[in-house]
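In what follows, chains are A, B, ... by sequence order, proteins preceding strands, each numbered from 1.
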2 protein chains.
Amino acid sequence: MATATRGAAPPVQERLLAAASRLFAERGFALTSVQEIVERAGVTKGAMYHYYASKDDLLQQIYTRLLDVQSARLEAIAGAGLPVRERLRAAAADVVVSTLENLDDAMVSWRSMHMLPQERLAQVRLERRRYHERFRALIEQGQDQGVLRTDVSADLATHQFFGGVHHLGSWYHADGELTPASIGETFADLLLRGLDPSG
Amino acid sequence: MATATRGAAPPVQERLLAAASRLFAERGFALTSVQEIVERAGVTKGAMYHYYASKDDLLQQIYTRLLDVQSARLEAIAGAGLPVRERLRAAAADVVVSTLENLDDAMVSWRSMHMLPQERLAQVRLERRRYHERFRALIEQGQDQGVLRTDVSADLATHQFFGGVHHLGSWYHADGELTPASIGETFADLLLRGLDPSG
DNA sequence: GCCACCATACCGACTGGTAGGTATGTCGGC
DNA sequence: GCCGACATACCTACCAGTCGGTATGGTGGC
């Protein structure tokens, strides 16, 4: 249970997670067998079930890993001492970048999350809800300060924006011309402009 | 193959499609058995395999059915004799409405499409690409006419917007306060404002 | 400095159940 | 009496999870 991963964490767990993330992203959770995962990771099923409770567990770990990263980054940006519009812009651009930097995890998260059993799904939904609300609060703050238009629901705008983010995996190719940073800036700009108070 | 559905189409095919769409939307493609589908439709597997080649076939039909509806509506709106900004606004609002009117199909489409085998997936992707391009052309037209800003890629804006649309199924509830029409108007407004030329 | 003891890390054959698909039969209409 | 529209029984492949086992390295007693 409480495996002491002190010092340098042995790579087997991470190799398993990486393999699972890759395969889940490519073929989907249900069409990927545990056998394929362990073969890609260069171990056997015994090793996988030594570190993870189930196939579902792998999926949840992938999701949590991504969300932890993104939550921390959002928290850092949202808490900075900048005007709220700049914080929103930075947060919006950053979530695009971090999504593209962890695209396998991200694709798994939005495509296969619903395959988790009830309890695990509830946990995961709670974490995602918190993230959503943290972002939405930024918009609401801007609305309260009068620097963002108030005739659009902050909740709706947040949903719309994250929809665009979650959709990244279905068209982005790392070998294309667009860089994660440039996509992030464009997305953030579209959001900010959409929320500009009418002049 | 070429089943003659002359006259009034018997309802069995449709009942099967409806049952499949519902169950795929609820539990996902992989976690839904053919047995469950036919039970919900009130028939047996013999009937299903009489009308559909495979479980995959059902999935593809669901996708095609939705996209056909949306393509026709987009074509009608895009071809109307209105200023391009109004056509874009109407098209954007309408795709939200039609998505929410066919939410089961829509959820299946964006959650389970990747489970199709190569060939079917290629077909489906082609159809979706055409739809995407038709919408994008509206934005490009507005840019050419100088009524939409040109410093944002029409392709990126289209991806971002459709992301928001595809994401609808993960938060929308029919019993909430928001109506499909109001959501559509808000989404369209955010898109149009985001693409407004800077004044 | 050696050995008994044990925990951790991993291996891989096996199984029970499930689910997609098929082969064959039946029945009613034209 | 044929053909489309189903029903029923069955086959087979696959797969998550299990379980007994092995290897390795640390530890403490002497």
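At whole-Å resolution of the value, OH in B:Tyr51 and C1' in D:dA7 are 13 Å apart. Per the geometry, CE belonging to B:Met48 stands 17 Å off P belonging to D:dT8, to the nearest Å. Distance CD (B:Gln35) to C1' (C:dG21): 12 Å, rounded to an integer number of Å. For the pair B:Leu16 CG and D:dA5 P, the computed distance is 13 Å after rounding to whole Å. Atom OH of A:Tyr49 and atom C1' of C:dG12 are 14 Å apart (whole Å). If you take NE2 of B:His50 and P of C:dT24, they are 18 Å apart, rounded to a whole angstrom. Regarding A:Asp57, its CG atom lies at a distance of 14 Å from the C1' atom of D:dA16, rounded to whole Å. D:dG17 atom P lies 12 Å from atom CG of A:Leu59, rounded to whole Å.
Judged purely by atom type and a 3.5 angstrom limit, B:Arg87 uses its side chain to pair as donor or acceptor with the backbone of B:Ala78. Of the possible polar contacts, none joining the A:Asp189 side chain to the A:Glu185 backbone as a donor-acceptor pair under 3.5 Å is found.
In this pair, A:His132 and A:His159 present their aromatic rings tilted. The plane angle is within the 30 to 60° band.
Along DNA chain D, the nucleotide nearest A:Gly46 and the nucleotide nearest A:Phe29 are compared for position; the residue whose nucleotide lies closer to the 5' end is A:Phe29.
Here the side chain of A:Lys55 is nearest to one of C:dC10, D:dA16, C:dG20, namely D:dA16.
Within 4.0 Å of B:Thr44, counting heavy atoms only, lies at least one base atom of the nucleic acid.
Contact of A:Lys45 with D:dA16 (side chain to base): a donor-acceptor pair of N or O atoms is detected under 3.5 Å.
Using modelled atom types and a 3.5 Å distance limit, the side chains of B:Thr99 and B:Gln70 yield a donor-acceptor pair.
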